[in-house]
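Heads up: the structure comes next, in structure tokens.
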Amino acid sequence: MSHAEVVCGDLLLFDGNPTRDPWQETVRIATDGALLIEDGVIKSIGAPRDFPDLPRHDHRGRLICPGFVDAHAHYPQTAIIASWGKRLIDWLNTYTFPEEMQFGDPKYAAEIAALYLDLLLAHGTTSVASYCTTHPESVTAFFEAAAERKMAVIGGKTCMDRNAPNGLCDTAQSAYDDSKRLLDRWHGRDRARYAIAPRFSPTSTPEQLRALGDLWAECPDCLMQTHLSEQLDEVSWVRGLFREARDYLDTYEAFGLLGSRGVYGHAIHLERREIDRLEEVGAGLVHCPTSNTFIGSGLFDMRLSRRIKVGLATDTGGGSSFSMLRTMASAYEIGQLCGNALHPAELLWMATAGSAGVLHRGDEIGTIAVGMAADLCILDLHSTPGIAQRAARANDVWDAVFPTIMMGDERAVAEVWVAGSRVRAG
Ligand code: GUN
Ligand code: ZN
């Protein structure tokens with residue numbers, strides 16, 4: 001039975017991409033707006049008086065955002081987030097790989113998947129593109145936990161057949177077979193979508209990269225997600241392993257792993273040819289600011305977003321937070337270090353529509369518009385005394401929003417909706 005409800009508050013609305021065009025022309029906050037929600041979808045947008053006599057959720061003075069979309073994370077790293085003292089390769093070997101070994105156990109995988117997705121919802125994140133581990137069990141656990149919560153997610157088996165512990169390695173053939181079987185089972189099932197996922201070129205042989213490139217060619221509407229040029233030591237390692245490659249991107253391109261549905265995490269130390277090729281094919285990049293500082297990788301240049309689609313992500317557990325608010329704050333700080341102060345309108349767009357676009361889900365999530373899923377994150381802009389006193393002195397709506405972006409945490413997340421149901425009440 002269909003059940004209509006109205007959610008009232010200040011609406012964050014997008015008319016374009018503020019990282020390409022001026023934010024004044026592309027992003028608006030409609031104060032005292034209202035959303036009519038029915039069958040999990042936004043049916044109409046107006047003012048509270050347009051929808052009389054319907055059950056009403058009054059969030060006047062709060063900011064109603066699309067649910068946050070985390071464009072790159074590793075749910076199996078939940079338990080090792082904030083592990084001290086290592087840079088990328090040592091961090092993988094010391095903390096990440098031993099933890100990921102446990103995900104062959106379906107019970108453990110299910111426990112962490114549930115814990116992780118509940119943490120995301122508490123932080124206002126309603127969609128995520130997550131790596132799993134090499135174990136097919138970890139993929140099943142992730143998609144089952146997401147389906148229970150009606151969340152639109154992207155996931156896939158991480159493929160590795162070298163330079164990792166034996167217990168985490170597959171082969172070229174088993175990576176192809178397992179990915180294909182999982183993809184057939186999950187891709188397009190309700191709100192689940194599959195991403196073919198070679199971890200990164202140092203942990204795949206050319207044979208495995210080729211096998212996954214072939215699989216992508218057979219299933220071209222899947223995404224392909226991987227890591228690219230995250231840390232300088234890693235780039236040198238790749239150069240040594242793939243002597244014939246022109247650059248890091250070429251280690252994917254040569255095996256059929258470059259395309260418009262390709263999503264490349266980090267992308268910090270790019271060469272000119274790589275940037276040109278990524279733009280030419282319409283691929284997407286993902287900015288992972290808390291990870292890039294936490295693991296000491298470098299500063300992603302957001303000016304790339306003028307040419308290439310860019311999403312925003314926590315990169316849990318290389319990233320040091322589950323929160324997209326904290327991630328926006330970190331993106332702002334990195335922008336400042338690069339001489340590019342990102343406007344709050346840009347930051348909020350990156351965390352929602354920008355990420356959804358990179359993940360090719362922009363027709364369903366990431367924007368408040370008629371026909372879009374009713375996945376919402378409702379922000380209290382006065383959630384702590386420190387934020388409240390600053391917001392009270394704000395000159396305009398954006399000046400009132402910015403303190404929550406910079407200082408907010410899950411206390412700022414007043415209410416969360418997934419597919420038209422309130423999953424966390426304020
Ligand atoms: N590169 C390859 N694997 C990983 C990972 O798990 N996290 C990060 N940050 N970078 C990677
Ligand atoms: Zn990652």
Side-chain angles (χ1 to χ4, degrees), residues 70-83 85-103 112 116 128-135 138 142 154-165 168-170 175 195-204 208-209 212 223-238 241 248-249 251-252 257 262-269 284-300 310-322 327 330 334 355 358-359:
D70 186 342
H72 176 132
H74 301 254
Y75 95 82
Q77 297 170 15
T78 299
I80 55 110
I81 192 168
S83 290
K86 305 287 181 196
R87 290 166 64 87
L88 179 59
I89 309 302
D90 288 343
W91 175 84
L92 285 171
N93 288 318
T94 308
Y95 299 121
T96 307
F97 291 160
E99 174 61 17
E100 291 194 5
M101 297 271 254
Q102 302 192 64
F103 284 74
I112 298 292
Y116 172 74
V128 62
S130 180
Y131 291 75
C132 301
T133 68
T134 32
H135 313 94
S138 73
F142 175 69
I154 292 144
K157 175 192 136 62
T158 296
C159 301
M160 298 197 272
D161 66 345
R162 63 169 165 175
N163 294 320
L168 276 184
C169 279
D170 49 20
I196 296 164
R199 181 174 214 121
F200 64 157
S201 45
T203 49
S204 289
Q208 181 169 84
L209 294 172
L212 295 174
L223 294 185
M224 191 291 303
Q225 63 177 354
T226 190
H227 298 81
L228 175 68
S229 276
E230 179 175 359
Q231 215 162 83
L232 289 173
D233 292 356
E234 171 212 11
V235 177
S236 317
W237 190 23
V238 168
L241 288 169
Y248 197 152
L249 186 67
T251 65
Y252 298 127
L257 293 169
V263 184
Y264 304 84
H266 304 278
I268 298 169
H269 307 286
L285 301 181
V286 187
H287 183 13
C288 307
T290 72
S291 170
N292 296 343
T293 51
F294 183 77
I295 315 189
S297 302
L299 306 179
F300 177 83
V310 177
L312 186 66
T314 60
D315 190 31
T316 298
S320 54
S321 175
F322 297 102
T327 302
S330 181
I334 289 178
S355 286
V358 160
L359 300 174

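Both ligands and their constituent atoms are indexed starting at 1 by order of listing.
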Quiz item: How does Q77 reach ligand 1, by side chain, by backbone, by both or by neither, if only non-hydrogen atoms under 4.0 Å count?
Solution: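 It is the side chain that gets close, since no backbone atom is under 4.0 Å.
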Per-atom contacts, ligand 1 versus [X] - under 4.0 Å to a heavy atom:
X	result
F200	1 (N), 2 (C)
H74	5 (C), 6 (O), 7 (N)
H266	9 (N)

Practice problem: Search all heavy atoms of T290 against all heavy atoms of S320 and return the closest pair with its distance. | Solution: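 Looking at all heavy atoms of both residues, the closest pair is OG1-N, 3.1 Å.
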Practice problem: Could you pull out the closest heavy-atom pair between I81 and S321, with the gap in Å? | Solution: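 Scanning both residues completely, I find the closest heavy atoms to be CD1-N, 3.7 Å.
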To check your reading of the model: name the closest protein heavy atom to [atom], its residue, and the distance in Å.
atom	value
atom 7 (N) of ligand 1	W91 CZ3, 3.5 Å
atom 9 (N) of ligand 1	D315 OD2, 2.7 Å
atom 3 (N) of ligand 1	R199 NE, 2.8 Å

Exercise. Give me the one residue out of R199, K157, R162 that meets salt bridge (Lys or Arg N to Asp or Glu O under 4.0 Å) with D170.
Key: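 With D170 as partner, R199, K157, R162 yield a single salt bridge (Lys or Arg N to Asp or Glu O under 4.0 Å), made by K157.
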Exercise. Tell me which N, O or S atom of H72 sits nearest to the Zn ion (ligand 2).
Key: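 Nearest N/O/S atom of H72: NE2.
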Quiz item: For D315, what is the atom name of its N, O or S atom nearest to the Zn ion (ligand 2)?
Solution: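 Relative to the Zn ion (ligand 2), the closest nitrogen, oxygen or sulfur of D315 carries the name OD1.
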Quiz prompt | N/O donor-acceptor pair under 3.5 Å between S138 side chain and T133 backbone | solution =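 Yes, S138 side chain to T133 backbone: donor-acceptor pair under 3.5 Å.
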Quiz item: Is any N, O or S atom of H227 under 2.8 Å away from the Zn ion (ligand 2)?
Solution: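 Within the cut-off used here (under 2.8 Å), H227 does place an N, O or S atom near the Zn ion (ligand 2).
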Practice problem: Using a cut-off of strictly less than 2.8 Å, determine whether H74 has an N/O/S atom near the Zn ion (ligand 2). | Solution: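 It does; at least one qualifying atom falls short of 2.8 Å.
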Quiz item: Using a distance-only test with no angle check, is there a side-chain donor-acceptor pair under 3.5 angstrom linking Y248 and E234?
Solution: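 Short answer, yes.
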Quiz prompt | Short side-chain donor-acceptor distance under 3.5 Å, Q231 and S297 | solution =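 A pair is found: one side chain offers a donor N or O, the other an acceptor, under 3.5 Å apart.
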Practice problem: List the steps, then state whether side-chain contact (heavy atoms from CB on, under 4.5 Å) holds for L223 with Q225. | Solution: CA-CA 6 Å; L223 294 185; Q225 63 177 354; 5.7 Å; no
Exercise. Ignoring angles and geometry beyond distance, decide whether T96 reaches within less than 3.5 Å of ligand 1 through its nitrogen or oxygen atoms.
Key: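 Between T96 and ligand 1 (N or O atoms, distance only) the closest approach is not under 3.5 Å.
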Self-check item: Step-by-step side-chain contact (heavy atoms from CB on, under 4.5 Å) determination, F200 to L92
Solution: CA-CA 12 Å; F200 64 157; L92 285 171; 3.8 Å; yes
